Participant: 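Here you go, one structure.
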Amino acid sequence: MFSKYSSFIFSWLMVGALAITPLVTSPTLAAATKQEAQEAKHKKRIVEWGTNKNVSVKLKSGSKVEGRITEIKDAIFSVQLLENGQVINRDISYSEINKLLGKDGGKVGKVIGYSALGVLAGVGIFTLVMVAVWANN
């Protein structure tokens with residue numbers, strides 16, 4: 001009689017264990033998948049930029065590296081920077097990256113964009129004034 005109940009209890013314990021397993025392992029798998037996706041995103045951006053692109057890399061350790069991409073590999077990329085008056089190459093793993101920014105043309109693009117917006121606004125105001133003057137005559 002005891003073996004009848006023990007197999008019943010054992011069965012339900014197994015069912016419970018199998019039901020809980022995805023709940024316990026899911027967050028760690030999700031975190032690993034998210035990290036891999038982030039690494040792939042950074043890697044894709046670096047490959048698209050290519051070498052000789054000025055970048056600013058904020059690392060997960062909190063430090064910041066600013067320099068020029070000199071080499072791109074499967075697991076790492078190299079940034080050339082000036083440190084203590086010497087030019088050095090720093091290898092950075094894609095998994096170390098917290099934030100990645102391209103440095104070329106950012107300010108120039110903003111200046112050109114705002115200048116174009118200002119010119120268009122001036123042309124629009126001039127057109128409205130001319131239409132108002134023409135309508136009153």
Side-chain angles (χ1 to χ4, degrees):
M1 180 155 155
F2 180 70
S3 67
K4 179 180 172 184
Y5 288 117
S6 65
S7 65
F8 179 74
I9 291 171
F10 182 73
S11 308
W12 278 104
L13 286 174
M14 291 302 291
V15 167
L18 291 173
I20 283 182
T21 300
L23 298 175
V24 174
T25 59
S26 177
T28 56
L29 290 175
T33 305
K34 183 178 178 183
Q35 183 177 350
E36 289 172 3
Q38 192 69 15
E39 288 176 25
K41 178 182 166 187
H42 292 313
K43 188 177 195 179
K44 181 181 179 201
R45 285 182 72 191
I46 290 169
V47 168
E48 286 174 353
W49 287 339
T51 56
N52 294 324
K53 172 78 172 176
N54 289 329
V55 294
S56 175
V57 184
K58 187 168 184 179
L59 303 176
K60 290 180 181 175
S61 65
S63 62
K64 188 175 184 181
V65 177
E66 291 186 354
R68 181 174 54 92
I69 299 173
T70 57
E71 188 175 13
I72 302 170
K73 294 183 180 180
D74 192 43
I76 62 168
F77 67 102
S78 296
V79 175
Q80 186 179 57
L81 58 127
L82 188 63
E83 190 173 280
N84 298 326
Q86 290 186 316
V87 177
I88 63 166
N89 280 331
R90 166 98 188 261
D91 292 338
I92 301 173
S93 171
Y94 299 108
S95 62
E96 292 180 73
I97 301 172
N98 187 26
K99 190 172 186 181
L100 178 67
L101 298 171
K103 299 283 278 186
D104 288 339
K107 291 180 183 176
V108 173
K110 285 183 182 178
V111 169
I112 291 171
Y114 287 131
S115 298
L117 185 63
V119 169
L120 289 174
V123 169
I125 290 171
F126 178 75
T127 303
L128 289 174
V129 169
M130 292 307 292
V131 167
V133 168
W134 182 72
N136 285 335
N137 288 335

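Just so it is clear, the model here is predicted, and its values are computed rather than measured. Just so it is clear, the values below take in all heavy atoms, side chains as well, and ignore hydrogens, waters and symmetry mates.
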Participant: What about V133 and I125, same hydrophobic cluster or not, with Ile/Leu/Val/Met/Phe/Trp/Tyr joined at side-chain heavy-atom distances under 4.5 Å?
Facilitator: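 Yes, V133 and I125 fall within the same hydrophobic cluster.
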Participant: Please list all pairs meeting ring-ring contact (aromatic ring centres under 6.0 Å, His included) that have one or both residues in residues 38-81, counting only residues at least two apart or in different chains.
Facilitator: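 Those involving residues 38-81 are F77-Y94.
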Participant: Do L101 and V55 have side chains that get closer than 4.5 Å, going by heavy atoms?
Facilitator: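 A side-chain contact under 4.5 Å is absent here.
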Participant: Considering residues at least two apart in sequence or located in another chain, which fulfil the side-chain contact (heavy atoms from CB on, under 4.5 Å) criterion with K64?
Facilitator: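 For K64, the residues satisfying side-chain contact (heavy atoms from CB on, under 4.5 Å) (neighbours in sequence not counted) are S56, E66.
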Participant: Kindly give the heavy-atom pair with the smallest separation between Q35 and S95, and that separation in Å.
Facilitator: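 Minimum heavy-atom contact is NE2-CB, 4.2 Å.
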Participant: Which residue pairs pass the ring-ring contact (aromatic ring centres under 6.0 Å, His included) test when at least one of the two sits in residues 56-75, sequence neighbours left out?
Facilitator: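 Sorted pair list comes back empty.
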Participant: Report the distance from atom NZ of K34 to atom CD of E39, rounding to the nearest 0.5 Å.
Facilitator: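 That separation rounds to 13.0 Å.
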Participant: Once rounded to the nearest 0.5 Å, what's the spacing between atom NZ of K103 and atom CZ of R68?
Facilitator: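 One finds 15.0 Å between NZ of K103 and CZ of R68.
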Participant: Which pairs pass salt bridge (Lys or Arg N to Asp or Glu O under 4.0 Å) with one or both residues in residues 85-101, sequence neighbours excluded?
Facilitator: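 Every pair satisfying salt bridge (Lys or Arg N to Asp or Glu O under 4.0 Å) with a residue in residues 85-101: there are none.
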Participant: Let me check something: do I76 and V79 share a hydrophobic cluster, defined by ILVMFWY side-chain heavy atoms less than 4.5 Å apart, either directly or through other members?
Facilitator: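 Cluster IDs for I76 and V79 differ.
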Participant: In terms of heavy-atom contacts, does CD of Q86 have more than 12 from other residues, nucleotides or ligands at under 6.0 Å?
Facilitator: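 Atom CD in Q86 is not crowded, with 12 or fewer foreign heavy atoms closer than 6.0 Å.
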Participant: Determine, for E71 against K73, whether the closest basic-nitrogen to carboxylate-oxygen distance falls under 4.0 angstrom.
Facilitator: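 Here E71 pairs with K73 in a salt bridge, since their nearest N and O are under 4.0 Å apart.
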Participant: Please identify each residue that fulfils side-chain hydrogen bond (donor to acceptor under 3.5 Å, both in side chains) with D74, with sequence neighbours left out.
Facilitator: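 Scan of D74 (side-chain hydrogen bond (donor to acceptor under 3.5 Å, both in side chains), adjacent residues dropped) gives K43.
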Participant: Would you confirm whether S63, through its side chain, and L59, through its main-chain N or O, come within 3.5 Å as a donor-acceptor pair?
Facilitator: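 The answer is no, because no donor-acceptor pair under 3.5 Å joins these two groups.
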Participant: Take I69 and N52, measure what side chain to side chain contact (heavy atoms under 4.5 Å, CB included) needs, and give me the verdict at the end.
Facilitator: CA-CA 5 Å; I69 299 173; N52 294 324; over 6 Å; no
Participant: Going from OG on S93 to NZ on K60, what distance comes out if it is rounded to the nearest 0.5 angstrom?
Facilitator: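 S93 OG to K60 NZ: 8.5 Å, rounded to 0.5 Å.
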Participant: Under the side-chain hydrogen bond (donor to acceptor under 3.5 Å, both in side chains) rule, collect the residues that match up with T51, sequence neighbours excluded.
Facilitator: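 With sequence neighbours excluded, T51 shows a side-chain hydrogen bond (donor to acceptor under 3.5 Å, both in side chains) to no residue whatsoever.
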Participant: Hey, are the side chains of I46 and L100 touching, using non-hydrogen atoms and a 4.5 Å cut-off?
Facilitator: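 Contact flag for I46/L100 side chains = yes.
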Participant: What's the spacing between L82 CG and I88 CD1 if we round to 0.5 Å?
Facilitator: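 These two atoms lie 8.5 Å from each other.
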Participant: Just verifying a value: how many Å separate E83 CD and N89 CG, rounded to the nearest 0.5 Å?
Facilitator: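 Rounded to the nearest 0.5 Å, the CD-CG separation comes out at 11.5 Å.
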